[in-house]
Amino acid sequence: MSAYPFREIESQWQAYWESNKTFRTPITVDASKPKYYVLDMFPYPSGAGLHVGHPEGYTATDIVARYKRMRGFNVLHPIGWDAFGLPAEQYALRTGTHPRITTERNIGRFRKQLKSLGFSYDWDREVDTTDPSYFKWTQWIFLKLFERGLAYEAEVPVWWCEELGTTLANEEVVDGRSDIGGHPCEKRMLRQWVLRITEYAERLLDGLKQTDWPVSTKEMQRNWIGRSEGADIDFPVQGVESARIRVYTTRPDTIFGATYMVLAPEHPMVDQISTEAQLDQVQNYQELASHKSDLERTELQKEKTGVFTGAYAINPANEEAIPIWIADYVLYSYGTGAIMAVPGQDERDWAFAAKYDLPIRRTVQPPTGFTGLAYTGDGVAVNSEFLNGLHIEEAKARIIDWLEEHNVGRRKVNYKLRDWLFSRQRYWGEPIPMIFENEKVQALPEDVLPINLPELDEFKPSGTPEGPLALAKDWLMTTNPETGNLARRETNTMPQWAGSCWYFLRYIDPQNSERLVDPELEKYWMPVDLYIGGAEHAVLHLLYARFWHMVLYDAGVVSTPEPFAKLVHQGMILGELEYTAWRDTTTGKWVSAENVTDGKEIHTGAIVEAIQIDEDKVAKSMERFVLSEAPDIQLDVRAFKMSKSRGNVINPDEIIEQYGADAFRLYEMFMGPLEQVKPWSTRGVHGTFRFLSRTWRLITENPLNEKEPDQDQLRVLHQTIDRVTSDIEELRMNTAIAALMEFVNAAFKWEDIPRKIAEPFVLLLAPFAPHIAEELWSCFGYKDTLAYVPWPELKQEYLTEEVVDLPVQVNGRVRATIRIAPEADKQEVIRAAMLEPNVRRFLGENPPRREIYVPGRILNLVAAK
RNA sequence: GCCCGGGUGGCGGAAUUGGUAGACGCGACGGACUCAAAAUCCGUUGGCCAUUGCGGCUGUGUGGGUUCGAGUCCCACCCCGGGUACCA
């Protein structure tokens, strides 16, 4: 297999880079040079080791980093570990192994794997979020948040499972029972730390405008923030003095159509207003609702349910008395937890009104011919007294003025974004640097940071909602450094997001024990010029990191409001393409794929099993894939996400062992556009391996010569420089590699390859396949690394060809190609084209009616009618 | 439902501002080398027709349109992927 000695070459160069610290970026650099900060989303070092998805983004950034170094930039290209998190803690629960041990072991493996891929990280800047010298500053940022009033305590409902003695996430509770074990759970109000991210909603929205991010990611963040404009309106309750129900609406213009009101079941006013007669029903409904998780509530969206409270509110616009209901289609967590229901203009309200026979009144005139129920579109107000005849936008403005004049409502901007629940009842996270003295919360002073985790022998849940830290008795009780009094530590820890909110800042100045980051260095390096990572972080990580960054900006710690100038998501790598046939489990006969749904034959209902079919037993018939032995049996063809259970996981270590890191890197980049989802193909790796072998032979089997290159060689080289350079700039690694392949294909046809051609080519190859490039470079007689050798310069003059093949069309269809000088004028080109027999044949007797000449590209002759 | 992407050979994918559709690679087929196989090298490779020579027709999800010329622009529709969901 070893057509070129990649094993020796790769380990030898990895050792060279390591011992020479080739990619170390000194803390103080020559600041007159331009900088480029290229960042990977740092991995969570899981026990499973690196998967093929990691090196995809990491190779892309490595190519850019290597390229920018050769272009004379100071490059910051660091890596680290996002190492707090649940898996290590759960492993500890099962095995008793301390999370620190597991984490260190996993980091060791990841580090080794990343080094075996030849990534040009500055390993002197490695950070680890679980290292006290790192999380000291995570805690420090928490103190800043607290100082600025952005961290506060609140009673928040969380799922509590008595049996398991722990709090659970929403996803871990089904039907009011724990997902694991099926133990009963209940919602409990628990004191939690919450970060006031909503304060930054507007700026988080606004800042997106300045970033070069994928549109879909920006859109997701916008949706997540969910800004809406409307009004708060107060509705008095009939017969209950001074009781006001406040609603939020984006359609205040429809207030005359508000024929009833709905409160969320948890709304605190429910108890106050419900009548004696209805109270039982109301409480029953509340009880029922409290057992449903948010997820379930939204899954059951089709059928609406609710209960009348017996109370009536007064519509402030027309003094009408309208019934007040409770229903779980109104969420307590959004707006005010209460709505004015306008069935005429809202589909949900219409469905509810129809079910419970509540009045429906249209206040926007639907277009003629409208056959739907609720009309949510544009139009003119009707049945709305002084709003009649106004367009909805005018009507909104008008009614808000009216509401404000009468002091019953006001303009209001609302956000879907909630404040960030920041407490976790876990061990393996950053302790929150707060204490309680006589139940009074207090921030610890900066100089006692970091607050380390206590040593624990057991990681079992404490049995109270406080989390495992409450078990560390010695740690738990402390003295308030300011008063000297006894105090109790906060036992909650931070969520996994915390450490990843600011790690890119620490890379800039990783050893600084005095500050989070030196301001001068921060100013030089920030913002991150290119950030590559998975789209699964499109919302939370990227939103949280932006939020912290804005807070640090306001606190004067950083100099840019936005941390990441350009963001790219690498697409997921799926498993190999799979051909699946279906077979009846009882008869053993094939079943065509179009007759299979949910593992059953659609007519007979017979259970079918999936059989993997080898590619060479597959044929294509019409538009479908079929079994070649039974062409009426259709197959399903698709690639699946890699998963252990499917058995289609590709282990990068094995690929590297077989083909080498360079071939592996090259293949991952050659598969297709970086952002795209694409199926793996080990055969494809073989293709890039073959290319490297050919390249190896091209250079090593040709005696180096000092001849002057000919025009053709220069042209091919400079075309390659041109394409590779612009492709790297645009992150089009697949076409850059295609250009390198074309170069090698062309070079194989030459008698020999002069040094003046071979050397620049090797430099072009270097960012993609650095090990082989270094080795070839040393074959040229150079002693040092090529990592800082200037990138080959494009000379335009070599690109121009003396003659080009020009396609000649007649009526838009190519009928001939002529060889002609690109600078030839139109008449000359036409004359040459007319000499072509095939052109004359399609043109007929008469001269062309029209001639279109795009210089150097195409000539189109339009035949006379 | 809504919001974003996207539909090109057997497969992954190329194609400035509209200008030779299928670069590059995989696979397949034929040949060379070999006792044989692997590896390697050379050639062919969208489909159909013609191949006695140039060649012809057709083809980028479907239907229509604009244009000298459409994968690319416009309109309508179908399908796939991702996100999100009672947000008032």
Side-chain angles (χ1 to χ4, degrees), chain A residues 1-3 214-220 222-224 226 228 230 247-251 254 262 297-302 304 327-331 333-342 345-349 351-352 414-417 535 538-539 571-572 577 615-616 618-620 623 625 637-639 667 670-673 675-688 690-691 693-694 697 726 732 734-735 737-742 745 748 805-817 836-838 841 848-854 856-863:
Chain A
M1 174 67 62
S2 184
V215 280
S216 59
T217 304
K218 288 195 194 188
E219 194 58 27
M220 276 197 241
R222 280 189 203 107
N223 290 340
W224 192 263
S228 66
V247 302
Y248 173 72
T249 177
T250 57
R251 295 293 305 275
T254 63
V262 184
R297 263 173 75 161
T298 55
E299 271 165 23
L300 296 169
Q301 59 179 283
K302 300 222 169 52
K304 302 221 178 331
D328 66 5
Y329 83 91
V330 172
L331 306 176
S333 57
Y334 182 75
T336 62
I339 62 159
M340 62 175 205
V342 188
Q345 273 77 232
D346 185 286
E347 282 161 11
R348 295 154 300 176
D349 295 346
F352 193 81
N414 228 323
Y415 301 92
K416 280 196 245 177
L417 185 67
V539 177
M572 204 196 316
L577 214 63
E615 206 186 332
D616 51 5
V618 173
K620 191 155 191 190
E623 293 297 291
F625 287 93
V637 184
R638 57 171 284 210
Y667 172 66
F670 188 58
M671 290 171 87
E675 297 91 330
Q676 197 167 297
V677 177
K678 38 208 177 279
W680 177 267
S681 160
T682 299
R683 276 175 175 159
V685 188
H686 191 78
T688 52
R690 198 137 65 185
F691 160 69
S693 303
R694 270 163 67 79
R697 289 202 312 275
S726 59
R732 292 184 306 236
N734 54 331
T735 49
I737 293 165
L740 293 168
M741 288 173 168
E742 285 179 64
N745 291 344
F748 257 95
D805 288 318
L806 186 85
V808 179
Q809 297 181 328
V810 178
N811 295 336
R813 323 199 49 147
V814 179
R815 298 302 177 185
T817 49
E836 292 291 320
N838 211 38
R841 196 175 122 205
R849 184 159 57 95
R850 204 174 150 189
E851 301 120 357
I852 297 112
Y853 179 51
V854 184
R857 291 225 78 120
I858 205 158
L859 173 69
N860 189 12
L861 303 173
V862 183

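On a predicted model such as this, the values are computed, not experimentally measured, just so you know. In what follows, every chain begins at residue 1, and chains take the letters A, B, ... in the order their sequences are listed. Every heavy atom of this structure was used, including side-chain atoms; hydrogens, water molecules and symmetry mates were not.
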[X] has a side chain; which of [options] sits nearest to it?
X	options	value
A:I858	B:G13, B:G19, B:A88	B:G19
A:M741	B:C86, B:G25, B:G13	B:G25
A:P679	B:A88, B:U58, B:G12	B:G12
A:R857	B:C68, B:A88, B:U16	B:U16
A:R694	B:C42, B:U20, B:C4	B:C42
A:T735	B:C68, B:A14, B:C3	B:A14
A:F670	B:G13, B:G19, B:G25	B:G25
A:R815	B:G5, B:C57, B:A88	B:C57

### Task
Select from A:G672 and A:F625 the residue whose nearest nucleotide in RNA chain B is closer to the 5' end of that strand.
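On the 5' side of the pair lies A:F625.
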### Query
Mapping A:V215 and A:R638 onto RNA chain B by nearest heavy atom, which one lands closer to the 5' end?
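Per heavy-atom nearest nucleotide, the more 5' residue is A:V215.
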### Message
Heavy atoms only, 4.0 Å cut-off, all strands: where does A:P837 land among base, sugar-phosphate and nothing?
### Response
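Nothing, no nucleic acid heavy atom in range.
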### Message
Would you say A:N745 and A:R694 are linked by a side-chain donor-acceptor pair, where the criterion is simply a distance under 3.5 Å?
### Response
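A pair is found: one side chain offers a donor N or O, the other an acceptor, under 3.5 Å apart.
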### Query
Below 4.0 angstrom from OP1 or OP2 of B:G19, is there any side-chain N or O of A:N860?
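No, because none of the side-chain N or O atoms of A:N860 sits under 4.0 Å from OP1 or OP2 of B:G19.
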